[in-house]
Amino acid sequence: MSDMRADYILKLLEKDERLDGRKLDQFREISIEKNIIATAEGSAKVKLGKTEVIVGVKMNFGEPFPDMPDAGVLRTEAELMPMAHPDFTSGPPGEDATEIARVIDRGIRESESIDVEKLCITKGEKVWSVFVDFYPINHDGNLIDAGSLAAIVALKNTRIPELDKEGKIDREKLKNPLPVMHFPLMITVGKVGNKMIIDPTFEEEQVLDSKLSIAVTEEGKVVAMQKSGSVGLTDDDVDNMIDIAVKKSKELRKLIEDGKKTSK
Amino acid sequence: MMKTDEKMIVKGKRLDGRKPDDLRKIEMEVGVIPNADGSSKVSFGKTTAIVAVYGPRSLFPRHLQESESGIIQFKYDMATFSVDDRKRPGPSRRETEISKVARLAIEPVLFLKNYPKTTVDVFVEILQADGSTRVTAINAASLALADAGVPMRDLVVGLSGGKVDDTLILDLCGKEDNYSDADVPMAFLPNKNEITLLQMDGRLTPEETKQIIRNILHAGKEIYKKQVETLKRKYSE
């Protein structure tokens, strides 16, 4: 992005304005589609404005961790596919992809969203592994919030395959829903100068000083955070960002429950 | 080829009710990825490919550049959730080979000499795999290149043929692919009468092989028409 463009975005933000006409604390239009991948046990597509992401869930046999012999295993991975943005290149997941995957994972894990003890098949030997795979299709900013939302919607719509007489997975028979107990929402608050914004576009992300991604449960509890960006935050900034995230998570939750796409 | 006791054809009908020469339901769309210069989504039944084209654009690192010509970088990738048992992320040997043959299938339609030192990047993601993924990807790549406005000598049509239960068939689904006596993925330029991808594995007589190729060329005309309609639809909207 050119310096002129960056300056223009910054000047607008100083006046509490944004390129696309949104308020600083306003989401872009949101669309959520469930069960879009026939070969996955659960899936979702989320659009935030022009950002579009897909999450697919696969259930495979796995081994439990030694310290939790009767718990299933959750694993989240992300690939920043070169198709989604001209700056993305092919190759194994780098720092950014790994961070995105781990932050999405943390929101789900730390809210104890999935009742992993219901995923035990043989204690200490065999459990269900739940693979959550994140693919951006078009990157126009805020992949973490879009990915977190797609992940929890996909998990909420995941069905566990039945086992046949020989104990093999029969994927043509998807039966019991995955036990999803909580529905955390990730809200990333960006800071630039003394302004706070939510749901930044790709161009806005380029001018942000810092971001704080905050996962909030339905009770309004904070379960995961990740700061990114190269400028430090004061304690007042963090207080402020948490308040924004909790407030906006309630609004987003209502939007999803009501099946609406936008709010003012 | 794997073996099964299951019959692939019963009373002239295939597993999904098709006749031997029937294609599955084909869906095509262009302009699905705003960031890309061109893009498309193509489904043959449950097989779905999404493709982005970027370029011609500068190519780095520079040692990859050709001073007299542009190049195509083609990446065929299957999403982890596109198959029954989760695929491990990262390119497998199979995906690497398909990337190569698919690149060669589309290369003849581009005027790469006009873009020295640049690359045309074609990124394929298979979202759902139910057989014939490489030819689905080639149809999608053809549309995405046209959508990008890259000059082309022709469109590229992909279609698979094969043999199950002593019957020659077209557009193999996943199960037919697994248990067929032979499968023949093919791509061709419908107006130039050039075959640009031809692979085969299995067991066929020379006559059967020739017949399958003729069947693909014939049925592929429908796919060509669909591609043209899809591109026209975008510009008439």
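Residue numbers start from 1 in every chain, and the chains themselves are labelled A, B, ... in the order their sequence lines are given, proteins ahead of strands.
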- Item | Contact origin within Val122(B) toward chain A - heavy atom pairs under 4.5 Å | neither

- Closest non-hydrogen atom pair between Leu127(B) and Ile37(A), with its separation: O-CG2, 3.7 Å

- Query: Using non-hydrogen atoms only, which part of Pro82(A) is less than 4.5 Å away from chain B: side chain, backbone, both, or neither?
  - Reply: both

- Query: Just wondering, more than 12 heavy atoms not from Lys234(B) lying within 6.0 Å of its NZ?
  - Reply: yes

- Message: To the closest 0.5 Å, what do you measure between CZ (Arg86(B)) and OG1 (Thr39(A))?
- Response: 13.0 Å

- Query: Would you say Phe111(B) has more than 12 foreign heavy atoms packed within less than 6.0 Å of its CZ?
  - Reply: yes

- Message: Can you tell me how far apart OG1 (Thr89(A)) and NZ (Lys75(B)) are? Round to the nearest 0.5 Å.
- Response: 9.5 Å

- Check: Thr80(B) main-chain N/O paired with Lys58(A) side-chain donor or acceptor under 3.5 Å: no

- Is any residue of residues 138-151 of chain A within less than 4.5 Å of chain B by heavy atoms, and which ones? Asn138(A), His139(A)

- Message: How long is the straight-line distance from OH of Tyr135(A) back to CG of Asp77(B), given to the nearest 0.5 Å?
- Response: 6.0 Å

- Message: Quick test of your reading: applying side chain to side chain donor-acceptor pair (under 3.5 Å), list the pairs with at least one residue in residues 52-69 of chain B, sequence neighbours left out, ordered by first then second residue.
- Response: Arg57(B)-Asp121(B)

- Greatest number of heavy atom pairs closer than 4.5 Å to chain B - which of Ser90(A), Pro86(A), Ala84(A): Pro86(A)

- Engaged part of Asp133(A) at the chain B interface, taking heavy atoms whose separation is under 4.5 Å: both

- Item | Candidates Asn35(B), Ile33(B), Val124(B) - the one meeting side-chain contact (heavy atoms from CB on, under 4.5 Å) with Met83(A) | Ile33(B)

- Query: Does CG in Asp3(A) sit with more than 12 non-hydrogen atoms of other residues, nucleotides or ligands closer than 6.0 Å?
  - Reply: no

- Query: Taking the six-membered ring for Trp, are the ring centroids of Phe81(B) and Phe131(A) within less than 6.0 Å of each other?
  - Reply: no

- Item | Part of Ile36(A) within contact of chain B (heavy atom distance under 4.5 Å) | backbone

- Note on the structure: So, the part of Glu125(B) with a heavy atom under 4.5 Å from chain A: the answer is both

- Can you list every pair that meets salt bridge (charged side-chain N to carboxylate O under 4.0 Å, His left out) and has a residue in residues 166-183 of chain A, with sequence neighbours left out? Glu41(A)-Arg171(A), Glu166(A)-Lys168(A), Asp170(A)-Lys173(A), Arg171(A)-Asp85(B)

- Task: With chain B as the partner chain, list the residues of residues 42-54 of chain A whose heavy atoms fall under 4.5 Å from it, by residue number, and write 'none' if nothing qualifies.
- Result: Lys45(A), Lys50(A), Glu52(A), Ile54(A)

- Relative to chain A, which segment of Val32(B) carries a heavy atom at a distance below 4.5 Å: side chain, backbone, both, or neither? backbone

- Task: Return the option, out of Ala36(B), Ser82(B), Gly90(B), Ser39(B), with the maximum number of heavy-atom pairs under 4.5 Å with chain A.
- Result: Ser82(B)

